[in-house]
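Worksheet: one structure, shown below.
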Amino acid sequence: MRILVIGGAGYIGSHVTRAFLDKGYDVTVFDNLQTGFRENLFEEANFVHGDIMRPEQLGAVMAGGYDGCVHLAALKAAGQSMLHPAEYSHANISGTINVLNHASAAKISPIIFSSSAAVYGSPQYLPVDENHPKDPENFYGFTKLEIERLLDWYDRLKGMRYAAIRYFNAAGYDVQERIKGLELNPENLLPIMMEVAVGIRPKLSIFGDDYPTRDGSGIRDYVHVSDLAEAHVSAFEYILKQKKSLTVNLGSQAGVSVIEMLERARVITGRKIPAEVTHRRAGDPAELVASSGKALELLGWVPKYSDVDTLVSTTWKMYEKYVIR
Ligand code: UDP
């Protein structure tokens, strides 16, 4: 089976590529290498250097014929999306329209799409299931929701099947250490903590310790990127068999607070990781935890690596290997 992974050189994309390769698929990665890394390309996969904003390049690669496509190419910084909405609508929405139109012309279906828990906005109840109201708090989440709606229309009008996979907080790295590209300028908690551990940043800012949570800091649902990656393969196989689209949350269903993560990171890294409590970050809910019951029921998905220690230790290994020399 031939799979096209658009954005396959990025952080999640490289793990997704690995998961398909591990299951014996023939994989082609299409990436503009803007935020993806050449080091993340695997010998066993084909690589096409191209951009979803260049329709002729998409047309050329898709003419190769594929049994499905995973689309992960996007801008993903929620804070930045509020400052630069034009860039986000262009890259995420217009870029995906290009992907869908070319996939439809080349009769490539299903499309496995990277969506996000950001489509829900502030939780009205916990854990957040797929039926929770969708009211994004940031423009990034809005772009993901609009794309989900487009996918639904392409399904209805063109018979293009899709999986919209709503990630909660993706973290960690391949336990077998086969991924070599470390994300630069991280905006997420765990890599920021690692940058403090190695001295790239002087200290961690804990964004608020006065939330109504067990220790006052924000609680999130961290899910290991290899667990996410496997679910893409399962979603693809589900659609082939069932011939219908699906939308699922992927989270570990376990809430971890900023302070709990910090304490484990200090133990696992053996580093001090200085931290200070600062003001809350705008738009941050106190707690966000997924219900992943649907992924378990339909895909048989059970996270294997999403415990705090594996999340921290696999991330730390990357920093030890590529940052501390
Ligand atoms: N956070 C923090 N300091 C940081 C970055 C994040 O305290 O430097 C907190 C943030 O307020 C949230 C959690 O860590 O409670 C996860 O934030 P992240 O930006 O990684 O993901 P988000 O949940 O915002 O998508």
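All residue numbers refer to positions in the sequence shown, counting from 1. Start at 1 and go down the list; that is how both ligands and their atoms are numbered.
- With ligand atoms numbered from 1 in the order given, ligand 1 contributes 19 (O) to contacts under 4.0 Å with heavy atoms of Glu187.
- For the residue pair Asp155 and Ser245, a side-chain donor N or O sits within less than 3.5 Å of a side-chain acceptor on the partner.
- Under the 4.5 Å side-chain heavy-atom criterion for grouping Ile, Leu, Val, Met, Phe, Trp and Tyr, Leu126 is not connected to Val223 through any hydrophobic cluster.
- Side-chain atoms of Asp67 and Tyr25 include no donor-acceptor pair closer than 3.5 Å.
- Ring centers of Tyr167 and His232: under 6.0 Å apart, within the cut-off.
- Summarising the contacts of atom 22 (P) of ligand 1 with Asn169, Leu262, Thr213, Val258, the nearest heavy atom is found in Asn169.
- Those atoms of ligand 1 that come under 4.0 Å of a heavy atom in Ile206, given as number and element, are 7 (O).
- Atoms of ligand 1 lying under 4.0 Å from at least one heavy atom of Gly218, given by number and element, are 15 (O).
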Passes salt bridge (charged side-chain N to carboxylate O under 4.0 Å, His left out), Glu130 versus Arg166? Steps please. CA-CA 9 Å; Glu130 290 81 357; Arg166 295 178 180 153; over 6 Å; no
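- Taking all heavy atoms of Arg220, Arg201, Arg281 into account, the minimum distance to atom 17 (O) of ligand 1 is reached by Arg281.
- Comparing heavy-atom distances from atom 5 (C) of ligand 1 across Tyr167, Phe207, Tyr222 singles out Phe207 as nearest.
- Contact annotation: Phe168 has no heavy atom less than 4.0 Å from any atom of ligand 1.
- Here Phe37 and Tyr11 keep their ring centres 6.0 angstrom or further from each other.
- Contact annotation for Ser205 and ligand 1: only backbone heavy atoms (N, CA, C, O) come within less than 4.0 Å of the ligand.
- Residue Asn188 has at least one heavy-atom neighbour below 4.0 Å for each of these atoms of ligand 1: 18 (P), 19 (O), 20 (O), 21 (O).
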